[in-house]
Amino acid sequence: MSVLELTSITKHYGSGHTLVRAVDDVSLKVEKGEILLIMGPSGSGKTTLITMAGALLKPTAGFILIDGIEITKLKEDVLPDLRLSKIGFVFQSFNLLSALDALDNAAVPLIASGKSLKKAREKAKETLVKLGLSARLNHLPKDLSGGEKQRVSIARALITNPSIILADEPTANLDAQNGHEVMELLCATACEEGRAVVIASHDQRIRDVAKQILFMEDGKIIKEEKGGHDSWCPHCRSA
Amino acid sequence: MFFIAFKNLFQEKIRLLISAGGVAFAILLMMFLIGIYNGIIKAFSAYPERNPAQIIVSREGITDMFHGVSIVSEKDAKAIQNTPGIDETVGMILMPAFYEKDGKKQDIFLVSYEPPSSLGAPWDIVEGRGIQEKNEIVMDAAFAKKNALELGDRINLVERDFTISGFNKGGSTILATFAFIQLEEAREILKLPEATNFLFASLKEGFDPVEVRADIETRTEGLSILTKEEFIKNNLAELEETFLPIIYIMVAIAVIVGIAVIGLTVYTATIEKSKEYGILKAVGVKNLQLYLLIFQQAGISTMIGFLAGIILSFGVAYLVGEYLRIITVEFTAGTFAIVFALTVFMSFVASYIPVRTIAQIDPAEVFKS
Ligand SMILES: Nc1ncnc2c1ncn2[C@@H]1O[C@H](COP(=O)(O)OP(=O)(O)O)[C@@H](O)[C@H]1O
Ligand SMILES: [Mg+2]
């Protein structure tokens, strides 16, 4: 069973002569441990696609299955729980909560799922330490570098142990060094922890980490290609 | 989610200070209004309340001390004294008078009593003693302090000189102060040897005021016979009718001001953080949890304001007691309960618009950068 399955997904905005076919009849499958990169120029529909896969936007037509659950059929009020348990998001602009330090930011999903503050913080600490942030636990976002912020947001995405990580332009606001580190972290979560990772980006560097690359244009998938993962990935090479 | 509410609030300390401060002043206003009202009520009921008389008799139709002239004849007084269950009766003469100082007239209720009986006698004598001789008067301590009167001073009222023999506590109201003279002297002033205005009666142990009243009613005619509770209630009725609506309106205004302050600060904070609430929604935080977060933020600021307001209220009540004297501010458990309930109400109402705003945030927006 695929972790994520999109069947004939279409998203239209507006109507009549202002109609925008943001995503037009896209089908794809993502398995455990997969790293799928969706590339394409700005406006090609990458973000719209990933937003639908993340159960944040209803498609105009088509079905989406996450871990075999058809989320397009689910009621609106059960989607938050589904996102909480199955999906981790990584954003271009990090999207941390400004009032919370790194530890609490990473702990938010666990707190939202009803864990005690103490337990949530313990787990957040463990995750942040793994991501190399042991010296930054009590820093507010404003006192963190871009790379550190993105690592905190990755920690937040990983903390509930979701099956899918959805990352939209995760390296766009980062320099080469930090971009590389983020790629390694996403690679590790797929290769070592078996999560499905979907990255939307037009950053050419990410081609190296991807196992599979889909090219989008005007809402359609126009090309499919193998990524550079196997020769690049430190985990897979040593294995 | 509570700690997020807490962190969000303390991130903007100035805003928290302003909203809690606004609430504190609204609370102060409410406490103060209710406290003053309590104080006025307490002062007005002190005289009948502290009077050991269980039955108060007046002319038919006269049910309180402030409306109309009451007359109770000596004959009726005797009939009442002879009613089974009556222990002691004392007539009381009430004379509205005024004390003039620096061209300002201050109202005085001259009430009589008959020492050594405690019926209608001054209570809580804090300085000096009760009346022992003719021409003596017992006055309210706060009134005396305000007018720089001392024990032994002579004071001219109703064209007669009185010597102050004692001061008692709690006899001042916002309208007038109670002063006590001898019944004999009051009779002389009013040339009323065969009657008094009211009659106070105490009961022997084991007698029920309502039953004794029924008995008195069969033995007399043209009188109004009241239990102590009825008399107190009647004396307060007009005051309550006059002041309560004003108090209600002013407390309502204070509540609205509190809601406006809290509502505005919570609303701006919500707008500023709308992107962050969108992130929380995207991550999987439910709408209800976010509403709770808003309530908690409103709740924490109002509670800080509540505590500050209560502390302020005690400070102001102390200053009023110390410098205004005639007015006392009385806080009862009920006062706190009412103000606390209003505070909770304030934070609920203030959260309404921010909650609506949050409900409308589209979590899909988080991907827009
Ligand atoms: N909420 C929206 N309303 C109307 N049009 C939208 C909306 N979101 C995206 N679009 C349009 O859909 C198309 C795809 O956008 P997007 O998915 O953001 O592309 P990408 O992420 O590849 O840059 C664009 O033409 C964009 O203008
Ligand atoms: Mg995009």
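We name chains A, B, ... by the order of the sequence lines, and we start the count at 1 in each one.
Interface remark: of the candidates A:Leu97, A:Asp168, A:Thr160, A:Ile111, A:Leu97 forms the most heavy-atom pairs closer than 4.5 Å to chain B. For the options A:Asp104, A:Asn173, A:Val108, heavy-atom pairs under 4.5 Å to chain B are most numerous at A:Asp104. Contact tally against chain B (heavy-atom pairs below 4.5 Å) for A:Asn95, A:Leu57, A:Thr51: the top residue is A:Asn95.
Atom CZ of B:Phe25 is surrounded by 12 or fewer heavy atoms from other residues, nucleotides or ligands within 6.0 Å. Around NZ of B:Lys7, the count of heavy atoms belonging to other residues, nucleotides or ligands within 6.0 Å exceeds 12. At most 12 non-hydrogen atoms from other residues, nucleotides or ligands lie less than 6.0 angstrom from OH of B:Tyr267. Crowding of A:Glu126 atom CD: a count of heavy atoms from other residues, nucleotides or ligands under 6.0 Å exceeding 12. For NZ of A:Lys130, the number of neighbouring non-hydrogen atoms (other residues, nucleotides, ligands) closer than 6.0 Å is 12 at most. Within 6.0 Å of CG in A:Leu19 there are more than 12 heavy atoms belonging to other residues, nucleotides or ligands. The 12-atom threshold is not exceeded at NE2 of A:His202, counting heavy atoms of other residues, nucleotides or ligands nearer than 6.0 Å. Atom CD1 of B:Ile304 sits in a crowded spot, with more than 12 heavy atoms from other residues, nucleotides or ligands closer than 6.0 Å.
A:Phe89 and B:Phe367 have perpendicular rings, their planes meeting at more than 60° on a 0 to 90° scale where under 30° would count as parallel.
Residue A:Thr47 touches chain B through its side chain alone, counting heavy-atom pairs closer than 4.5 Å. Interface residue B:Leu280: only side-chain heavy atoms are found under 4.5 Å from chain A. Only the backbone of A:Leu96 comes within less than 4.5 Å of a heavy atom of chain B; no side-chain atom from C-beta onward does. Proximity to chain B involves both the backbone and the side chain of A:Ser98, based on heavy atoms less than 4.5 angstrom apart. With a 4.5 angstrom heavy-atom cutoff, B:Glu276 touches chain A via backbone and side-chain atoms both.
Looking at heavy atoms from C-beta onward, A:Ser93 lies in side-chain contact with B:Lys275 at the 4.5 angstrom threshold. Using a 4.5 Å heavy-atom cutoff, the side chains of A:Asp77 and B:Lys286 are not in contact.
In this structure, B:Ala364 and A:Leu56 approach most closely via the heavy-atom pair CB-O, 3.7 Å. For A:Leu100 against B:Ile4, the heavy-atom pair with the smallest separation is CD1-CG1, 4.2 Å.
Atom-to-atom distance recorded for A:Leu79:CG and B:Lys281:NZ is 12.5 Å, nearest 0.5 angstrom.
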